[in-house]
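Worksheet: the structure to be examined is printed underneath.
Small disclaimer: the values here were computed from a predicted structure and weren't measured.
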Amino acid sequence: MQKTTLDAMPDATMDDSFDHDARDAIARLGEHDLQNIDRAILSSLGRDWKKAGFITAGVMIAAPDEYEDLPEMFYASRIRALAEASRIETKGDALALKTFEIRLAPAKDVA
């Protein structure tokens, strides 16, 4: 059985509350799209704490047209994936985007 982009989404990305367009938009994403979205999130961050909701809104507004049907919770799932990969640090409740805070993880020493 071939894995799809949906299989790679953390937790409840394919929530039943997503409309048909949102589910279709997520299903069309490939690995390159996920990398672009992750890069957009990471480029919005520095070492200062920022509200995750502010970051998701900014990334959504700046996103290319092919991503216009992606719901905010999809971007939140990408933030959680980046946190799980230790690429960003988090504080607060990840399900409360208005109060959840994120920032870039400190650079690792390169020897």
Side-chain angles (χ1 to χ4, degrees):
M1 183 174 189
Q2 183 179 9
K3 278 193 156 190
T4 68
T5 304
L6 302 178
D7 297 328
M9 296 299 109
D11 45 51
T13 300
M14 287 306 291
D15 188 311
D16 290 337
S17 66
F18 290 168
D19 66 21
H20 180 67
D21 290 339
R23 285 192 296 271
D24 285 350
I26 293 168
R28 285 192 301 269
L29 295 175
E31 186 61 34
H32 179 72
D33 297 306
L34 297 178
Q35 291 172 358
N36 286 340
I37 291 166
D38 291 352
R39 220 177 351 264
I41 292 168
L42 292 168
S43 70
S44 300
L45 297 174
R47 287 298 299 150
D48 294 330
W49 291 105
K50 293 186 179 179
K51 303 289 184 199
F54 176 77
I55 297 302
T56 57
V59 171
M60 287 176 71
I61 290 168
D65 289 345
E66 62 262 27
Y67 300 150
E68 71 183 356
D69 289 329
L70 294 174
E72 183 176 34
M73 291 313 296
F74 173 79
Y75 290 92
S77 76
R78 296 310 306 159
I79 287 173
R80 287 190 299 276
L82 290 168
E84 289 172 11
S86 299
R87 297 190 64 195
I88 64 174
E89 295 179 318
T90 65
K91 69 178 178 181
D93 180 0
L95 298 177
L97 288 180
K98 291 184 181 193
T99 58
F100 185 52
E101 294 183 300
I102 58 177
R103 69 180 181 184
L104 287 177
K108 298 198 185 326
D109 292 334
V110 179

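- Counting all heavy atoms, side chain and backbone alike, Gly46 lies closest to Arg103 at O-CB, 3.5 Å.
- Atom-to-atom distance recorded for Ile26:CD1 and Ser77:OG is 7.0 Å, nearest 0.5 angstrom.
- Residues passing the side chain to side chain contact (heavy atoms under 4.5 Å, CB included) test with Ala83 are Ile88, Thr90, sequence neighbours excluded.
- For the salt bridge (charged side-chain N to carboxylate O under 4.0 Å, His left out) condition, the pairs that include at least one residue of residues 38-50, sequence neighbours left out, are Asp38-Arg78, Arg47-Glu89.
- Judged as a side chain to side chain contact (heavy atoms under 4.5 Å, CB included), and not counting sequence neighbours, the contacts of Ala96 are Asp93, Thr99.
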Could you tabulate the donor-acceptor pairs under 3.5 Å formed by side-chain atoms of residues 62-76, not counting sequence neighbours?
residue: Tyr67; atom: OH; partner: Asp33; partner atom: OD1; Å: 2.7
residue: Glu72; atom: OE2; partner: Thr56; partner atom: OG1; Å: 2.9

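- Cluster annotation: Phe54 and Ile102 are assigned to the same hydrophobic cluster (Ile/Leu/Val/Met/Phe/Trp/Tyr, side-chain heavy-atom contacts under 4.5 Å, transitive).
- Partners of Lys51 according to the salt bridge (charged side-chain N to carboxylate O under 4.0 Å, His left out) rule, which considers only residues two or more places apart in sequence or in another chain, are Glu101.
- With hydrophobic clusters built from ILVMFWY side chains whose heavy atoms lie under 4.5 angstrom apart, Phe100 does not share a cluster with Leu95.
- To the nearest 0.5 angstrom, Leu82 atom CG is 9.5 Å from Leu104 atom CG.
- In this structure, Asn36 CG and Ile41 CD1 are separated by 11.5 Å, a value rounded to the nearest 0.5 Å.
- Put simply, NE2 on His32 and CD1 on Ile37 are 10.5 Å apart, with the number rounded to the nearest 0.5 Å.
- Not counting sequence neighbours, the partners of Ser44 by the side chain to side chain contact (heavy atoms under 4.5 Å, CB included) test are Ile55, Val59.
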